[in-house]
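What follows is one structure encoded as structure tokens, with my remarks underneath.
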Amino acid sequence: MKIIMLGAPGAGKGTQAKQIASAYQIPHISTGDIFRANIKNKTPLGQKAKEYMDAGNLVPDELTCDLLMDRIGQDDCRDGFILDGFPRTIPQAQALDQALTARKESMDFAVNVDVPDENIIRRMSGRRVCPNCGATYHLTALPPTKAGTCDACGSELVQRADDSEATVANRLRVYHEQTQPLIDYYERLGILKTVDGTQPMDVVFAQIKAVLGKELEVSNVESRCD
Ligand code: ADP
Ligand code: ADP
Ligand code: ZN
């Protein structure tokens with residue numbers, strides 16, 4: 001199964017992708033996570049990506065595509081994968097199509113997690129992440145058991161630098177200009193599935209399960225409506 005998660009920044013792509021990946025036993029590939037890991041480890045790729053990410057702009061296509069194609073060429077991706085945050089531009093989508101065509105493969109689904117801009121602002125201001133293990137929380141919708149502390153590894157939670165209000169505004173603008181056109185792109189390919197991302201997390205997951213048309217194990221994420 002090869003799945004793309006589409007949606008605005010903060011729509012809940014990562015939250016859903018992690019659950020789908022665990023239910024289908026396929027790797028969860030987040031280009032944002034890969035860039036952040038490179039920044040943390042001070043690699044040349046991280047140094048190149050950082051200035052774009054800090055400003056809320058997209059990392060150039062060439063850099064991003066090289067990274068992604070390399071990742072999906074690895075052994076664990078043979079039986080499928082879920083892409084979270086890639087593609088974000090039409091040229092990225094075309095590069096992905098070409099790479100898969102060369103393997104005589106194609107994507108199965110593009111799941112669009114639909115959330116209006118007003119909700120996005122609220123989602124982003126409440127997002128807290130674990131810098132150690134990558135777990136994501138929300139101050140009201142998915143709080144950790146102990147405030148400010150990761151349930152999974154006990155590290156102190158932080159707010160992502162690019163989740164500040166000014167950067168979020170730019171990221172939303174970039175999303176509408178460069179990423180939203182992908183909705184039509186995948187609609188035309190006949191693989192687009194749109195779900196209502198304003199519902200609580202477990203309801204969104206159930207909707208995705210329904211559109212993927214296969215019984216997935218429901219994990220026990222509890223959430224409240226936002
Ligand atoms: P979000 O979870 O809010 O959607 P991500 O973690 O996916 O954010 O991405 C964070 C940042 O990493 C983006 O704002 C962008 O600068 C960079 N990035 C991630 N994926 C891509 C991509 N496919 N193309 C270009 N830039 C990307
Ligand atoms: P993305 O990967 O699209 O940027 P995330 O999965 O990181 O989005 O979610 C953004 C924030 O919103 C996180 O704090 C997450 O806990 C929260 N969140 C995700 N899905 C929902 C939902 N259905 N309802 C309320 N909050 C949500
Ligand atoms: Zn953690």
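Reckoned from all heavy atoms, side chains included, excluding hydrogens, waters and symmetry mates.
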Quick one: [atom1] on [X] to [atom2] on [Y], what's the gap to the nearest 0.5 Å?
X: D97; Y: E105; atom1: CG; atom2: CD; answer: 12.5 Å
X: D54; Y: E51; atom1: CG; atom2: CD; answer: 9.0 Å
X: M201; Y: L142; atom1: CE; atom2: CG; answer: 4.5 Å
X: L182; Y: I4; atom1: CG; atom2: CD1; answer: 8.0 Å
X: R173; Y: D117; atom1: CZ; atom2: CG; answer: 11.5 Å
X: F109; Y: I191; atom1: CZ; atom2: CD1; answer: 8.5 Å

Quick check against the 3.5 Å criterion: does [X] have a side-chain atom that pairs as donor or acceptor with the backbone of [Y]?
X: N132; Y: C153; result: no
X: N119; Y: V115; result: no
X: S30; Y: D33; result: yes
X: K50; Y: F35; result: no
X: R171; Y: L58; result: no
X: Q178; Y: R88; result: no
X: K13; Y: A8; result: yes
X: T149; Y: G154; result: no
X: R128; Y: G148; result: no
X: Q25; Y: S22; result: yes

Find out whether [X] and [Y] are in side-chain contact, i.e. whether some heavy atom of one side chain is under 4.5 Å from a heavy atom of the other.
X: V174; Y: N57; result: yes
X: M124; Y: E165; result: no
X: V195; Y: Q199; result: no
X: D84; Y: H28; result: yes

Over all atoms of both residues, closest heavy-atom pair of [X] and [Y]:
X: A23; Y: F205; answer: CB-CZ, 4.5 Å
X: I82; Y: A21; answer: CG2-CB, 3.9 Å
X: C150; Y: Y137; answer: SG-OH, 3.3 Å
X: T179; Y: P87; answer: CG2-O, 4.4 Å
X: I72; Y: C77; answer: O-CB, 3.4 Å
X: T167; Y: A161; answer: OG1-O, 4.5 Å

Same apolar cluster (I L V M F W Y, side chains within < 4.5 Å links), [X]/[Y]:
X: L192; Y: V204; result: no
X: V113; Y: I3; result: yes
X: M69; Y: I29; result: yes
X: L83; Y: I20; result: no
X: L6; Y: L212; result: no

Tell me whether the count of non-hydrogen atoms from other residues, nucleotides or ligands lying under 6.0 Å of [atom1] in [X] goes above 12.
X: D196; atom1: CG; answer: yes
X: E62; atom1: CD; answer: no
X: Q94; atom1: CD; answer: yes

Self-check item: Pairing of D76 and R71 as salt bridge, 4.0 angstrom limit
Solution: yes
Quiz item: Between D163 and R127, is the closest basic N to carboxylate O distance under 4.0 Å?
Solution: yes
Quiz prompt | Derivation of the side chain to side chain contact (heavy atoms under 4.5 Å, CB included) call for L96 and F86 | solution = CA-CA 9 Å; L96 175 64; F86 185 98; 4.1 Å; yes
Quiz item: Do Y24 and D79 pass the side-chain hydrogen bond (donor to acceptor under 3.5 Å, both in side chains) test, and can you show the C-alpha distance, the side-chain angles, and the key distance before you say yes or no?
Solution: CA-CA 10 Å; Y24 271 99; D79 295 332; over 6 Å; no
Exercise. Check the pair L68, I34 against side chain to side chain contact (heavy atoms under 4.5 Å, CB included), reporting the backbone distance first and the verdict last.
Key: CA-CA 9 Å; L68 195 277; I34 298 173; 5.9 Å; no
Quiz item: Will you find, in the side chains of D151 and T145, an N or O donor that is under 3.5 Å from an N or O acceptor?
Solution: yes
